[in-house]
Protein chains: 2
Amino acid sequence: MASSAPASRSCSCGQHCAHCLEKLCTHGIPIFASLAVDQLEKIAGKTLHRSYEKGETILEEGSHPDYVAILNGGSVKASRFTADGREQILYVFSEGDFFGEQNLLFDRPAVYAVTALEPCRLCFLYKKDFQQLLADNPDIGLRIISELGWRMSHLENSVRNMGVRSLESRIGAVLLELAGKYGAKQDDGTLVRMPLSREGLANYIGIARETVSRKLGMLEDEGMIRSVGARHILIRDMKALEELAG
Amino acid sequence: MASSAPASRSCSCGQHCAHCLEKLCTHGIPIFASLAVDQLEKIAGKTLHRSYEKGETILEEGSHPDYVAILNGGSVKASRFTADGREQILYVFSEGDFFGEQNLLFDRPAVYAVTALEPCRLCFLYKKDFQQLLADNPDIGLRIISELGWRMSHLENSVRNMGVRSLESRIGAVLLELAGKYGAKQDDGTLVRMPLSREGLANYIGIARETVSRKLGMLEDEGMIRSVGARHILIRDMKALEELAG
DNA sequence: CGTGGATTTGATACGGGTCAATGAGGGTGG
DNA sequence: CCACCCTCATTGACCCGTATCAAATCCACG
């Protein structure tokens with residue numbers, strides 16, 4: 001069971017593309033890291049796949065999905081809304097992240113909506129198969145606990161930041177987070193591809209979009225960052241930003 | 001293996017009190033709910049016990065505990081601090097809650113400090129025993145995932161509330177949460193024993209203590225609640241409060 | 001009954017939300 | 001290829017809400 005199948009064999013995605021021949025869609029997913037290649041192939045064979053366009057809703061708040069969704073390319077946001085339509089983004093997920101496990105394992109309705117931030121590919125693993133998988137591989141449970149732990153510490157940071165930290169600090173923290181996920185080192189700094197618009201950033205941080213503009217402007221004046229087009233930010237002084245974010 | 005041992009037999013807590021004869025310290029702990037009584041007794045035999053006074057620190061931020069702590073009476077707060085000493089309370093734990101599992105399972109330093117809010121009793125289950133337990137009973141892992149799920153949805157609520165909800169709404173939500181944990185129905189409403197001081201409430205909600213006073217005063221003027229001494233609040237109009245909290 | 005910490009109340013300042021107008025990009029069609 | 005338009009982002013002015021500082025009062029405890 002070699003990891004790279006012969007080119008003549010269609011990959012488990014049902015497509016015959018270079019991408020899929022290079023990697024199984026279950027490959028590189030942290031919660032499956034302990035599985036052998038043949039197991040990965042078996043799972044991959046049971047997954048459904050679908051692509052989404054930017055702005056498409058993948059999961060609606062309050063629904064009862066009967067699958068775990070694993071993000072296999074692109075990025076999505078998970079957000080909740082208030083009665084008056086204001087949005088609070090809770091997570092930005094990218095390749096390798098999953099969602100829906102709570103709803104599936106414990107029959108709880110989804111408390112957030114998931115929406116594509118850019119074109120993206122998702123694998124869906126249905127309830128029965130996922131439960132089987134968990135039963136057969138107890139340490140996937142551990143890996144899920146681990147991932148939930150990270151997610152919790154992300155939320156714990158958000159709560160602390162929103163509660164007691166200054167705006168600049170919160171913006172700094174979000175920039176650092178996005179830099180970690182979407183940043184590329186260059187000789188003049190780290191160029192970050194921003195999956196979120198200014199409004200998205202605002203809804204992630206929990207402030208007004210105008211304030212995001214103002215504060216980013218200030219950071220730019222101080223030479224810490226530089227806007228590159230509308231969807232990129234160059235971090236010129238990572239040290240200072242880390243200082244700011246605490 | 002009867003659940004209530006004969007009175008002549010000392011309970012697993014090493015004490016000979018009515019309390020312990022009535023229930024094992026591992027009893028009523030949700031994550032152990034699936035275990036049989038003899039298993040509970042076996043675990044209880046491996047736990048260490050300790051009582052803490054109000055204000056005592058149980059776990060320090062940044063430390064590497066090698067145990068899971070299970071709260072067996074009383075209540076504690078889990079909080080983080082900023083460099084300038086401001087506190088953000090993340091959780092209020094009470095009987096049956098546990099903490100330390102992340103640090104133990106994945107060797108991550110604790111990101112929050114845990115402090116007793118009132119005299120309380122804790123059981124400590126050490127790394128080796130806890131891991132053994134998890135290995136022997138895979139569905140404890142599931143129960144932990146479930147509990148983490150609840151905790152996450154608590155945090156997700158906090159984030160949304162802090163981001164986009166009004167202060168009144170956030171105060172209402174906290175009152176409801178505490179009412180659920182520490183409230184007792186009476187004919188004139190629900191009397192809630194408040195484990196947190198006004199300052200504690202402020203640090204939980206992420207606002208100034210003076211503002212807590214003012215807003216509670218407003219709710220009292222509106223007849224929704226009534227302060228009873230410093231450490232109790234009577235919720236007179238639960239409907240209105242739920243409305244407020246959203 | 002007195003003392004000290006916690007809570008409430010009051011006055012003031014300032015940060016950030018909101019509204020409104022202007023400016024920059026990117027895609028479309030002429 | 002350029003002009004236009006539509007959307008998103010920026011900038012400015014103003015105002016409200018909450019933090020902050022200060023003082024008075026309450027309450028629990030010895």
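Note that the structure is a prediction, hence the values are computed from the model and not measured. Letters A, B, ... mirror the listed sequences (proteins, then strands); counts begin at 1.
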Quick one: do A:Glu210 and A:Arg198 make a salt bridge, cutoff under 4.0 Å? no

When rounded to whole Å, the CD1 to P distance for the pair B:Ile171 and D:dG17 reads 15 Å

If you count heavy atoms of other groups shown closer than 6.0 angstrom to CD of B:Glu60, is the number above 12? no

Helix axis bend for the helix from C:dC1-D:dG30 to C:dG30-D:dC1 - C1'-based end axes, five pairs, 10° rounding: 40°

Taking NZ, NE, NH1 and NH2 as the nitrogens, is one of them in B:Arg193 or B:Glu118 under 4.0 Å from a carboxylate oxygen of the other? yes

Please report, rounded to the nearest Å, how far the C1' atom of D:dT10 is from the CZ atom of A:Arg231. 16 Å

Whole-Å distance between D:dC26 C1' and B:Glu220 CD? 14 Å

Thinking salt bridges, do A:Glu95 and A:Arg121 make one under a 4.0 Å N-O criterion? no

Nearest-Å distance, CZ (A:Arg198) to P (C:dG23)? 19 Å

Let me know which of A:Ile171, A:Leu167, A:Leu201 forms a side chain to side chain contact (heavy atoms under 4.5 Å, CB included) with A:Thr211. A:Leu167

Let me know the distance between CE of B:Met218 and P of C:dG10, rounded to the nearest Å. 14 Å

Nearest nucleotide by nearest heavy atom, which residue falls closer to the 5' end of DNA chain C, A:Glu168 or A:Ala230? A:Glu168

With a 3.5 Å cut-off and sequence neighbours excluded, list the donor-acceptor pairs that the side chains of residues 236-244 of chain A form with protein atoms.
| unit_1 | atom_1 | unit_2 | atom_2 | d |
| --- | --- | --- | --- | --- |
| A:Asp237 | OD1 | A:Lys239 | N | 3.4 |
| A:Asp237 | OD1 | A:Ala240 | N | 3.1 |

Over how many whole Å does the gap from A:Leu167 atom CG to D:dG17 atom C1' extend? 14 Å

How close or far is atom C1' of D:dC27 from atom CE of B:Met194, stated in whole angstroms? 17 Å

Rounded interatomic separation in angstrom, taking CG from A:Leu201 and C1' from D:dT10: 14 Å

Please tabulate, for side-chain N and O atoms in residues 182-190 of chain A, each donor-acceptor pair with protein atoms closer than 3.5 Å (sequence neighbours left out).
| unit_1 | atom_1 | unit_2 | atom_2 | d |
| --- | --- | --- | --- | --- |
| A:Gln186 | NE2 | A:Asp188 | OD1 | 2.9 |

So, using side-chain hydrogen bond (donor to acceptor under 3.5 Å, both in side chains) as the criterion, who are the partners of A:Arg170 when residues are at least two apart? none

Can you list, by residue number, the residues of residues 204-217 of chain A that have a non-hydrogen atom closer than 4.0 angstrom to DNA chain C? A:Ile207, A:Ala208, A:Glu210, A:Thr211, A:Arg214, A:Lys215

Quick one: side chains of residues 220-229 of chain A, donor-acceptor pairs under 3.5 Å with protein atoms, not counting sequence neighbours, listed by atom name and distance.
| unit_1 | atom_1 | unit_2 | atom_2 | d |
| --- | --- | --- | --- | --- |
| A:Glu220 | OE2 | A:Ser227 | N | 3.3 |

